[in-house]
Amino acid sequence: MKKVVQLLVSGLIGIGIGMTWIVVQILLQSSWNNLANSTLKISDFLFWILESFLIGVFFYLAGWIFNNDSWSLRKQIIINFFVCLTAWLVFNFFVDGLTVMEKQLAIIIGNFILMYALAYGVYFFHLWNEVRQINIQLKKNKE
């Protein structure tokens, strides 16, 4: 049950990141003077929510690579990165089609790197903060 909850939380985090991403895209595609006239079809919005949830779930599942204690952290990150990148490219292929993907491959990879850095940056910051809190507690208990 705990893993299902973690899976759902990852999906919701994916939605949060996805909604931030769509706002940035809308702001970049619209000029500030014409922002009030920007539109987004409800079907596109619902698809974006579903897509963001699934990406969040996939990041959680791909995070299982970090459970392999026999690999170094560097190897885990590299393997995780390329597994996620491959899945991202396949996903974009099915969503946008090969012709669109060929024209925008650098943008698609750039978007992925930015999202990967954001997702795992927040994750590693959270881990760093937990370790820091544990160290503070250990120092208090030692004294």
Side-chain angles (χ1 to χ4, degrees), residues 1-32 34-35 37-142:
M1 184 65 173
K2 184 179 177 184
K3 291 207 184 278
V4 172
V5 170
Q6 289 174 334
L7 193 73
L8 292 174
V9 167
S10 290
L12 293 175
I13 290 170
I15 289 175
I17 293 170
M19 292 302 101
T20 303
W21 194 259
I22 199 167
V23 167
V24 168
Q25 281 190 327
I26 289 172
L27 290 174
L28 291 176
Q29 291 173 354
S30 303
S31 65
W32 285 101
N34 198 22
L35 192 58
N37 295 330
S38 298
T39 60
L40 179 65
K41 292 190 288 187
I42 190 71
S43 60
D44 291 342
F45 181 72
L46 292 175
F47 178 76
W48 191 265
I49 288 176
L50 178 63
E51 172 187 13
S52 299
F53 181 83
L54 292 175
I55 289 170
V57 167
F58 180 80
F59 267 86
Y60 172 75
L61 295 174
W64 286 353
I65 290 171
F66 294 106
N67 293 339
N68 188 344
D69 293 333
S70 64
W71 291 348
S72 69
L73 182 59
R74 178 183 297 147
K75 184 175 181 178
Q76 290 172 342
I77 291 172
I78 291 170
I79 290 173
N80 180 273
F81 176 84
F82 284 108
V83 164
C84 291
L85 177 61
T86 301
W88 180 252
L89 291 174
V90 168
F91 176 76
N92 273 279
F93 170 73
F94 284 116
V95 170
D96 294 330
L98 185 58
T99 56
V100 174
M101 197 170 131
E102 286 174 348
K103 294 176 186 175
Q104 299 179 346
L105 187 59
I107 294 171
I108 291 169
I109 291 173
N111 286 343
F112 171 78
I113 291 171
L114 188 60
M115 283 192 291
Y116 188 89
L118 177 66
Y120 280 106
V122 169
Y123 174 71
F124 284 124
F125 177 76
H126 175 72
L127 287 178
W128 173 80
N129 195 29
E130 282 186 355
V131 168
R132 190 174 60 86
Q133 293 298 326
I134 290 170
N135 286 335
I136 289 171
Q137 285 291 20
L138 287 173
K139 284 181 183 178
K140 284 181 183 178
N141 291 342
K142 191 175 183 180

Got a second to check how far [X]'s [atom1] is from [Y]'s [atom2], nearest 0.5 Å?
| X | Y | atom1 | atom2 | answer |
| --- | --- | --- | --- | --- |
| L54 | I15 | CG | CD1 | 9.0 Å |
| I55 | L50 | CD1 | CG | 9.5 Å |
| S10 | I17 | OG | CD1 | 9.5 Å |
| F45 | I49 | CZ | CD1 | 3.5 Å |
| I79 | F66 | CD1 | CZ | 10.0 Å |
| L73 | F124 | CG | CZ | 5.5 Å |

Non-hydrogen atoms of Q76 and W71 that approach each other most closely:
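What the structure gives for the nearest pair is NE2-O, 3.6 Å.
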
Selection residues 45-59 - residue pairs positive for side-chain hydrogen bond (donor to acceptor under 3.5 Å, both in side chains), sequence neighbours left out:
none

Output all residues satisfying side-chain hydrogen bond (donor to acceptor under 3.5 Å, both in side chains) with [X], sequence neighbours left out; order by chain, then residue number.
| X | answer |
| --- | --- |
| N67 | none |
| N111 | none |
| R74 | none |

With sequence neighbours left out, write down each residue that passes ring pair (Phe, Tyr, Trp, His ring centres under 6.0 Å) with F125, or none if nothing qualifies.
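Expected list: W128.
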
Going by the rule side-chain contact (heavy atoms from CB on, under 4.5 Å), which residues pair with F112 if we only count those two or more places apart in sequence or in a different chain?
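side-chain contact (heavy atoms from CB on, under 4.5 Å) check on F112 returns F59, F81, C84, L85, W88, Y116.
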
Taking the side chain as every heavy atom from C-beta outward, state whether K2 and Q6 have any pair of such atoms under 4.5 Å apart.
yes

With a 4.5 Å cut-off on side-chain heavy atoms, are V5 and L8 touching?
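No, side chains not in contact.
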
With a 3.5 Å cut-off and no angle check, do the side chains of N135 and R132 form a donor-acceptor pair?
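There is no such pair between these side chains.
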
